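Just below is one structure, and these are the notes that go with it.
Values below: all heavy atoms of this structure, side chains included; hydrogens, waters and symmetry mates excluded. The model shown is predicted, which means the values in this text are computed figures rather than measured ones. Residue numbers start from 1 in every chain, and the chains themselves are labelled A, B, ... in the order their sequence lines are given, proteins ahead of strands.
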Amino acid sequence: MATSLSTPKLTTTMSSSPALHNLFSRKLPSPLSLPKTLSSLSHLRRTSTSHPHHHLHSRRRFSVRAVDSGNGADSTRHYDFDLFTIGAGSGGVRASRFAANFGASVAVCELPFSTISSDTAGGVGGTCVLRGCVPKKLLVYASKFAHEFEESNGFGWRYETEPKHDWSTLIANKNAELQRLTGIYKNVLKNANVTLIEGRGKIVDPHTVDVDGKLYSARHILVSVGGRPFIPEIPGSEYAIDSDAALDLPTKPEKIAIVGGGYIAVEFAGIFNGLTSDVHVFIRQKKVLRGFDEEVRDFVQEQMALRGIEFHAEESPKAIVKAADGSLSLKTNKGTIEGFSHIMFATGRRPNTKNLGLEAVGVKLSKNGAIEVDEFSRTEVPSIWAIGDVTDRVNLTPVALMEGGAIAKTLFLNEPTKPDYRAVPSAVFSQPPIGQVGLSEEQAVEQYGDVDIYTSNFRPLKATVSGLPDRTFMKLIVCAKTNKVLGLHMCGEDSPEIVQGFAVAVRASLTKADLDSTIGIHPTAAEEFVTMRTPTRKIRKDLPSQEKTDSDVKAAAGV
Amino acid sequence: MSRKMLIDGEVNQPNEQEAHYDFDLFVIGAGSGGVRASRISANFGAKVGICELPFHPVSSEVIGGVGGTCVIRGCVPKKILVYGASFGGEIEDARNYGWEVNEKVDFNWKKLLQKKTDEIIRLNGVYKHLLSNSGVKLFEGEGKIVGPNDVEVTQLDGTKLSYSAKHILIATGSRAQRPAIPGQELGISSDEALSLEELPKRAVVLGGGYIAVEFASIWRGMGASVDLFFRKELPLRGFDDELRAVVARNLEGRGIDLHPQTNLTELVKTEDGIKVRTDHGEELIADVVLFATGRSPNTKRLNLEAVGVELDKTGAIKVDEYSRTNVPNIWAVGDVTNRVNLTPVALMEGTCFAKTVFGGEPSKPDYRDIPCAVFCIPPLSVVGLSEEQAIEQAKGDILVFTSTFNPMKNTVSGRQEKTVMKLIVDAETDKVVGASMCGPDAAEIMQGIAIALKCGATKAQFDSTVGIHPSSAEEFVTMRSATRRIVAGTKPKTNL
């Protein structure tokens, strides 16, 4: 059926595709390595105890009696629920909904709604819907219009007075949309017959959850409480805001310092810059987006700087001082910059594992507080499972969805399913945005040695007319031996939309020859990926790389 | 590279090895296909000449320009105008995002037109450079075939040059046609539509193909009132019926008046504008009437009859799978052969020709799974089979997955326009055999999907791909259950 639910697009039904979910990948060695089809059963870490023996006779709703004989649960004991999920974000909702569809009785608890998260505030929908992907993207849309107005001038559009932005309209409309979405998520749970309990869940024992004083027993407990922004303790850090607050400011920042070089930092830099704040980004390293392909890092930073964002490289915050006029100064290792209306820290996120009762029941946490789980998302306690950002694996909504879907199958469909982390595509909604799948050049060289690099750095058709200095960068990393595409990167307009289809192709063992034999869609930016004929450089072990210079002009159709 | 690289493939003629020719290859027409073929042939070591008519945005029997339709009168200028027109919708969308845009927004058509002309002149120069950098000799003038190995170029001043060539390649493209109705001279073709002096306030478009819907969107986006007339029930015949209906709905949603199953019968000049009469007895007044009623191959003045090159009924040059005409050393690529009339296809044909004739590697163009896009607003893009084609060709059951959703941007902008996506899957093999989408960024999104089809992607592989969130494209990897299953041998849907 058509998924006609409005954004975010919720899949309302599901089917299993066991073949691929069973693909084995132990430590995500190379995201693009050949799938090895192995019986997933033989690779369970604790075969004797962790394999749930299901005796589901039908998918219709009934309490799953003998769902588990190996998790310490008494199979004759009555539990209030087959599954109790703590946290109704992307992962928790997906797991609960699927579990209920598979016949389990499910409850999920979530904190009361607020746009700003805390120990006592959250909301159905979680980070993605309320404090992450969705509001972020809405603000990106809003800020991008500024660039479009500029572009439109080059295309003949004139405004009697320059378009002005009204902050409160945007925030009000954004919040109305978030309210609508949290309502949709509640309905999704309700329609799936999942019991929603508002309140703070805490684990009392391996089969009991306490929600604000009321106890619920459950055969399985799923922890999907996500993560929260983390602000390091420096003098004056109480004046700093995090991304939660930055998404819901009452007024527009006149001049904002953003501390951090990760994707959240560059996304907010783009948002505030587009909405005409004076934006300064302070990064500890030489450049933004550590872990991304080096060329992409250089490119995006250069493009952002061209749009007016000021970068302060290798500059770490030491203190924030509030002046008499209310403005903030940021002291760094290099000096002091004054006059900020806002200072935002985008300095990482931490799993929400405090005060959940985890340590007491024996759930193991990693050093950064993340819940340690096996490949099936099971914790050290056999009846307790965890998915999503709280496990700090790959912190992306679609990955949490995958983990949630997998756990529901493992527990209630008699289909032990490991999430498959190979070739997970991702995007950064900077301006211009980045889309990528697979390895960076640096990772590819390390893992494969001999690789061919194809790059294209061109001025898109729109920019030739708008006259703006926008450019687009694309990169392919190809294994010299097998011709397989190991990595694909793009920074430029529409990158996230463009890369999705290529990510499917990568799952289908994309080779450079496949790219060469595909016809372009003309005129698009995306067609450039199928018209890269000669490598920019060939990297060979023991040999210096051979380089050619980039062609500068994207001649129409690359004739 | 020296001439000794000129190793002819099996498709070449014997006994010619010793003959001397001015050129190894002479190409008539320097559009996408001709330039590509020349350049690649020259790279293989061939001595190449190419002729092209003088440059002007509006083509005629004696006007053309290096770059051809795509660069001068097609893809490129069209896309520039589509970009320009898209801002109209963007300005509307911006308001609910907090942007206060003065009601008085002015669109300066002349400025955009100048920018467009500057850009196509720039690209015309780029193409000339491409040729000279490859060592291809460019002649300006009209080329005619005077013998199996002889070409005559009539230059601007009327002087004629004659050259012999071992191979001749015809890549003269096509031109817009006009319907034979009274007053047709008052109408314009897409050539002129891309170069109008004034932006029309009231535009009438006749035709249901991609050119018609693209220009309807362009003018509407720039603020004109647009009436679109076409013969069928829905525009874009040949595309997936369900998506055709989506396009029609979106065009209407953006304010274009659709007149299905209606033809124009007469144009009359009046003081107020052009009076347009339809076969339903309606009358309306327009500033501009665009005929987007098809294109025909440019074969009339090539003197093909002199050497006996065969044409089909439409006037297109008949070629074999290697783009060879019935005259063994005369070849043809691109729109003049009326196969799949797309720039990237002409490029592919040009490359295959060069490989076949000068690369020692006989190569047939591969017409399977060619993606394409219609740049109406919002755009449509497809690859592989439509649902109707899949049903017709199917040996087993077909699964159809569809998704209709409100793109995130619209949740705040308030625009009432759904994005629709569709995957067609062979139930037995699980292979995805067709994909289509109508919605913002469809053309950009479809390129990667086209690659996936080229890789033989199965639905399971689509499903196992993690989404990029939040994007529209991720919907292609989250279509979990089939909308319908079409059992082999049944045809539940009507053909429109």
Side-chain angles (χ1 to χ4, degrees), chain A residues 2-4 6-7 9 11 13-15 17 19-20 133 137-138 141-142 145 148 152 155-161 163-166 169-170 173 177 397-398 424-425 427 462 464-465 494 496-498 500-505 507-508 510 514 518-524 526 555-557 559, chain B residues 35-36 71 75-76 79-80 83-84 87 90 94 96-102 104 106-108 111-112 115 123 126 343-344 370-371 373 402-406 408-409 411-412 441 443-445 447-449 451-452 454-455 457 460-471 473 478 480-481:
Chain A
T3 47
S4 50
S6 309
T7 329
K9 298 146 297 188
T11 315
T13 51
M14 80 237 89
S15 68
S17 52
L20 276 137
C133 320
K137 185 92 188 267
L138 292 175
Y141 279 129
F145 286 114
E148 286 171 52
S152 74
F155 281 86
W157 294 85
R158 278 278 169 274
Y159 308 92
E160 206 167 71
T161 52
K164 274 210 316 253
H165 190 256
D166 178 57
T169 302
L170 170 64
N173 287 346
E177 174 60 10
T397 293
V424 172
K462 199 175 192 178
T464 60
V465 178
D494 300 327
E497 299 287 357
I498 289 170
Q500 183 72 72
F502 289 93
V504 178
R507 300 288 310 188
L510 175 67
D514 293 323
T518 302
I519 304 278
I521 298 179
H522 186 65
T524 60
V559 164
Chain B
V35 171
R36 170 65 69 90
V71 171
C75 321
V76 173
K79 185 87 189 270
I80 288 173
Y83 277 134
F87 293 112
E90 291 297 318
N96 275 345
Y97 279 96
W99 288 97
E100 290 160 3
V101 187
N102 203 292
K104 183 98 185 68
D106 175 49
F107 173 66
N108 186 337
K111 177 172 174 180
L112 179 57
K115 291 275 192 104
L123 288 173
V126 168
T343 293
I370 293 170
T402 60
S403 177
T404 300
F405 61 93
N406 197 24
M408 189 190 281
K409 192 174 180 180
T411 61
V412 168
D441 305 325
E444 299 287 358
I445 290 169
Q447 184 72 74
I449 303 289
I451 300 271
K454 204 79 184 175
C455 295
Q461 283 167 330
F462 270 77
D463 293 344
S464 78
T465 304
V466 173
I468 293 181
H469 188 67
S471 68
T478 56
R480 295 283 180 241
S481 57

### Query
Residues in side chain to side chain donor-acceptor pair (under 3.5 Å) with Ser152(A), at least two apart?
Tyr159(A)
### Message
For Lys137(A) and Lys409(B): C-alpha separation, side-chain torsions, deciding distance, then whether side-chain contact (heavy atoms from CB on, under 4.5 Å) applies.
### Response
CA-CA 9 Å; Lys137(A) 185 92 188 267; Lys409(B) 192 174 180 180; over 6 Å; no
### Message
So does Asp166(A) get a backbone contact from the side chain of Trp99(B), meaning a donor-acceptor N/O pair under 3.5 Å?
### Response
no
### Query
Going through the checks in order, is the side-chain contact (heavy atoms from CB on, under 4.5 Å) test met by Ile521(A) and Glu444(B)?
CA-CA 8 Å; Ile521(A) 298 179; Glu444(B) 299 287 358; over 6 Å; no
### Asn96(B), part contacting chain A, at a heavy-atom distance under 4.5 Å
both
### Task
Please look at Asp494(A) and chain B and tell me whether the side chain, the backbone, both or neither of the residue comes under 4.5 angstrom of a heavy atom of that chain.
side chain
### Query
If you round to the nearest 0.5 Å, how far is CD of Glu90(B) from CH2 of Trp157(A)?
10.5 Å
### Task
State, to 0.1 Å, how close Ala508(A) and Cys455(B) come at their nearest heavy-atom pair, and which atoms those are.
O-CB, 3.6 Å
### Task
Determine the minimum heavy-atom distance between Ala452(B) and Gly501(A), stating which atoms define it.
CB-O, 4.1 Å
#### Entry: Nearest heavy atoms of Tyr97(B) and His165(A), plus distance in Å
O-NE2, 2.7 Å
## Note on the structure
Of the listed Thr169(A), Ile498(A), Asp514(A), the one with the largest count of heavy-atom pairs under 4.5 Å with chain B is Ile498(A)
### Message
I need the residue from Pro496(A), Pro398(A), Ala503(A) with the largest number of non-hydrogen atom pairs under 4.5 Å to chain B.
### Response
Pro398(A)
### Side-chain donor-acceptor pair present, Arg507(A), Ser464(B), cut-off under 3.5 Å
yes
### From OG1 (Thr518(A)) to NZ (Lys454(B)), nearest 0.5 Å
5.5 Å
## Note on the structure
Assert top hit (heavy-atom pairs under 4.5 Å, partner chain A, pool Ile445(B), Val412(B), Ile370(B), Val101(B)) equals Ile445(B)
### Task
Would you name the heavy atoms of Thr524(A) and Gln447(B) that are closest together and state the gap between them?
OG1-OE1, 4.3 Å
### Query
So, the side chain of Lys115(B) versus the backbone of Val465(A): is there a donor-acceptor pair under 3.5 Å, distance only?
yes
### Pairwise distance CG(Leu138(A)) to OG1(Thr411(B)) - rounded to 0.5 angstrom
5.0 Å
### For the student: nearest non-hydrogen atoms of Pro523(A) and Lys79(B), plus distance
O-NZ, 2.7 Å
## Note on the structure
Taking every heavy atom of Ile80(B) against every heavy atom of Phe155(A), the minimum-distance pair comes out as O-CE2, 3.5 Å
### Message
Counting heavy-atom pairs closer than 4.5 Å to chain A, which one of Ile451(B), Leu112(B), Asn102(B) comes out on top?
### Response
Ile451(B)
